[in-house]
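Residue numbers start from 1 in every chain, and the chains themselves are labelled A, B, ... in the order their sequence lines are given, proteins ahead of strands.
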Amino acid sequence: MAVELLLPDGARREVEPQTTAADVAAAIGPRLARAAVAARVAGRVVDLMRPLGEVVTGGAAEFALLTLDDPQGLEVYRHTTAHVLAQAVRRLYPGTHFAIGPVIADGFYYDMDVRAADGAPVRLSAEDLPRIEAEMQRVIAQDLPLSREAWERDAVRERFVQDGEPFKVEIIDDLPAEAEISLYRQGEFYDLCRGPHLPSTGRIKAYKLLSVAGAYWRGDEKRPMLQRLYGTAFASKDALDRFLWVQEEAKKRDHRRLGPELGLFLLREEAPGFPFWQPRGHTLWRVLEDWSRSLQAAEGYGEVSTPVLMRSELWERSGHWDLFKENMFTLERDNERFAIKPMNCPAHCLLYAAETRSYRDLPLRLAEYGQLARYERSGTLHGLLRVRSLHQDDAHLFVTPQQIQSEMAAVLRLVDTVYGALGMSYNVRLATRPDEFLGDRALWDRAEGDLVEALRAAGKEFILSPKDGAFYGPKLEFHVTDALGRQWQCATVQLDFNLPQRFDLWYTGADGERHRPVMIHRAVFGTMERFIGVLLEHFAGAFPTWLSPVQAVVLPLSDRHADYARSVAAELCQAGLRAEVDARSEKIGYRIRQAQLQQMPYMLVVGDREAAEGLAAVRVRGRGDQGPRPVSEVAAAMRREVAERRAEPGW
RNA sequence: GCUGGUGUAGCUCAGUCGGCAGAGCGACGCACUCGUAAUGCGUAGGUCGGCAGUUCGAUUCUGCCCACCAGCUCCA
């Protein structure tokens, strides 16, 4: 029976069942045949070399050839590169057992128990990677064709038992009964794999092994430690070089290095996970916090402050003691147990419950910027991005069920305002009910449904992140993309029907009856710590003027200009700007260099000419000398720039 | 927390095959008083991450602990 294909241009094509996607590509044109790496048939990505009759079961199937410009095409390409890696390792270390080799965001990895021919374990290090790459190059030069083989479960299991591949056997045993099991073969090497793959190894043009690290089999620390080889592959050498450049650039931008260099914060052994903020860092912090305050005041939020230390009964009532205790710092005094707050929500529930609430009082929006402490396992701490001391730009909105949609919409607008001003895009994930959760499933289903509805209403796409919700409610996670294209989870919005129940919160409705309010937990920056860390890397330390801890540094040419320099700085400060004077007895070139390295947006050089006429010679970060200007004009221009939150300094 | 690695001045890093601890940058002082990315000279600064052990003697060898780095897991 012939197979009917629906091509992307709307054309229909009938082919024999044994026809492959490669045949179709060749029939369309030689260029497409060379560029194609796989095909998408009826929504499923399949090998070019697979007979289409095997995958099209009835009716016409949508058919598209995938090239490396298609993300799914690139995945196939990288997946085959992972097999080439495995083949190379097998040649060099014949006793190696393989686990899994999946494609990840920027490449792939392969987990393996590396052993020599005699079975002796081999520890790989970065120095071994070039040798493995060289062997990969040989595999690619051999241009080995790949072939797919369908196997019966028992037969393939027996094959891997005989090969002495314990991980593969375990994978087979865990496959669902109805799973199609396939093997891919290239030259002397074969691997259990769902595919699809490139038609031959010679198609791989640009690849690189990036690192080797330990990883537990199945992520379980009680199971064997394997070695994970990370690598990546791109369509061209240029694309690979661009990727490697981003890696290098990321190292240069590391906030753990930039922060102390720019005098923003300190990380000390004395307080792991608790950063020390220096004046400049704290200035940046305050600018962000004040911005948040003004945005939230306009939205009708009220700011509160609640205790850092509260009795364990509160945490038992909120459910934290059962489900979050591992993450709390606790202490005992006078035979009483206390915990430092890891979240503000229970305290805000107490504030809500302190007064009788009417539907007319809602929404009640309580904001708090106080310090939280969470115990994070030592190995997970990472600069400002993963800390134990955290300050959320937190708020809890107590709303009636009818207000959920409008309040969610307002929160989503607030998120857009903030990230829009910073020029950062984001994508949204809906994190659903985890295995350990509070309350009943019906409430969870409702909350998850309401979140989806809010996203739809706001016209936002989202991806599902199953079982990643907070224990009290599902959440929206906003992953913002920085200047290097990396993603960070910052903002979060959670919908909670549980805590209002646990704290027996209610309001009097228009009907005179008691009703349960709904809580919306939300943070726009996420935490100040992480947000500042992300901003540091995003801007590489060169903050826009409005965020810059020091916006202008005034540089007197010599000692006799110091007083004038101080008066210039004072004028800027009067105008509400942050200005300093660097009157050290160093040459002007030296101080300009220092100011530039400190990423000062403006440098104002003053000498005899300027002092005589109330001028300052303006130098803009990264743009050099802009010539002399009246100080009042400089101040006015800077004020405008700050008020508009412009991305770049300069006129 | 687990696996592996690292820990010497504020920072980046030399060094000691077990015998008085070094550089550059930075800081501070003095001189220079300067026109747009590094002026010169000088000074201070270290229980060689912590605690034990071995030794005549430990920064160096051994053990335990702590912190950091990479990864796993977890997460704002």
Side-chain angles (χ1 to χ4, degrees), chain A residues 109 111 123-126 210-230 254 256-257 260-261 263 266-273 324 326-327 342-343 372 374-394 431 434 468 470 475 477-480 488-492 494 521-531 533-534 555-562 583-598 603-610 617-628:
Chain A
Y109 67 79
D111 281 352
R123 273 199 61 84
L124 294 178
S125 72
L210 300 171
S211 61
V212 53
Y216 299 100
W217 169 229
R218 303 220 144 153
D220 183 342
E221 65 190 53
K222 293 182 189 64
R223 311 206 57 181
M225 169 66 69
L226 305 173
Q227 297 192 70
R228 175 171 295 179
L229 285 152
Y230 283 92
D254 192 326
R256 292 168 299 182
R257 195 171 65 80
E261 263 176 30
L266 240 44
L267 298 168
R268 299 269 318 179
E269 236 184 76
E270 285 84 345
F324 207 70
E326 289 309 303
N327 288 291
M343 298 184 192
L372 308 174
R374 295 183 191 172
Y375 172 76
E376 299 288 350
R377 294 171 7 151
S378 61
T380 64
L381 298 177
H382 183 86
L384 295 180
L385 300 180
R386 192 73 188 281
V387 289
R388 287 175 175 164
S389 162
L390 47 155
H391 297 70
Q392 292 180 314
D393 59 326
D394 199 15
D468 273 341
K475 62 183 179 183
E477 298 177 348
F478 294 77
H479 294 254
V480 314
W488 311 91
Q489 191 192 329
C490 292
T492 176
Q494 299 155 20
H521 307 239
R522 39 109 296 171
V524 179
F525 298 150
T527 66
M528 300 304 292
E529 286 83 357
R530 173 174 293 182
F531 194 65
V534 169
L555 305 174
L557 220 43
S558 72
D559 289 350
R560 70 175 180 280
H561 310 113
R584 288 177 299 173
S585 65
E586 300 285 353
K587 290 182 101 167
I588 193 69
Y590 176 87
R591 283 174 289 149
I592 283 173
R593 178 183 152 80
Q594 292 287 309
Q596 185 74 47
L597 291 174
Q598 289 287 303
M603 289 154 252
L604 305 180
V605 178
V606 295
D608 291 329
R609 295 202 292 268
E610 289 76 15
V618 180
R619 191 187 165 95
V620 177
R621 180 178 63 205
R623 260 182 242 176
D625 191 2
Q626 307 288 306

Each base of RNA chain B marked ( ) or [ ] if paired in-strand (Watson-Crick or G-U under 3.5 Å), | if paired to another strand and . if unpaired gives (((((((..((((.....[..)))).(((((.......))))).....(((((..]....))))))))))))....
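With rounding to the nearest 0.5 angstrom, the CG atom of A:D468 is 6.0 Å from the CD atom of A:E477. Atom CG of A:L124 and atom CD of A:Q227 lie 4.5 Å apart (nearest 0.5 Å). The line from OG1 of A:T527 to CD of A:Q489 is 10.0 Å long, rounded to the nearest 0.5 Å.
In B:C20 the base sits syn relative to the sugar, since the glycosidic angle is no further than 90° from 0.
Rounded to the nearest Å, the gap between the P atom of B:U47 and that of B:U8 is 12 Å. Across B:A38 and B:A31, the matching P atoms stand 24 Å from one another, rounded to whole Å. Separation of the C1' atoms belonging to B:C61 and B:U55 is 10 Å when rounded to the nearest angstrom. Remark: the separation of the C1' atoms in B:C68 and B:A21 is 24 Å, to the nearest Å. B:U60 and B:C17 have their P atoms separated by 13 Å, with the value rounded to a whole Å. Across B:G71 and B:G15, the matching P atoms stand 27 Å from one another, rounded to whole Å. Atom name P, nucleotides B:C13 and B:C69: the rounded distance is 14 Å, in whole Å. Straight-line distance between the P atoms of B:G22 and B:G4: roughly 36 Å, to the nearest whole Å.
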With sugar-phosphate taken as primed atoms, P, OP1 and OP2 and all else as base, the protein-contact string of nucleotides 32-45 of chain B at under 4.0 Å (heavy atoms; B, S, -) is BBBBBBBB------
Protein-proximity profile, nucleotides 69-76 of chain B, B/S/- by nucleotide at the 4.0 Å heavy-atom cutoff, equals SSBBBBBB
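Side chain of A:R388 to main chain of A:A271: no donor-acceptor pair is present (N/O by atom type, distance under 3.5 Å, no hydrogens or angles). Between the side chain of A:R591 and the main chain of A:A583, no donor-acceptor pair closer than 3.5 Å is present. Counting only distance, with no hydrogens or angles, the side chain of A:H391 and the backbone of A:E529 share no donor-acceptor pair below 3.5 Å. Judged by distance alone, the side chain of A:R374 and the main-chain N or O of A:P342 form a donor-acceptor pair under 3.5 Å. In this structure, A:R530 contributes its side chain and A:L385 its backbone to a donor-acceptor pair below 3.5 Å. The main-chain N or O of A:F525 is found under 3.5 Å from a side-chain atom of A:D393 such that the two form a donor-acceptor pair. For A:E326 (side chain) and A:E376 (main-chain N/O), no donor-acceptor pair under 3.5 Å exists by modelled atom type.
The existence of a salt bridge linking A:D608 and A:R560 is confirmed by a sub-4.0 Å separation between a basic side-chain nitrogen and an acidic carboxylate oxygen.
Regarding A:L266, its CG atom lies at a distance of 15 Å from the C1' atom of B:G26, rounded to whole Å. A:D111 places its CG atom 17 Å from the P atom of B:U3, with the value rounded to the nearest Å.
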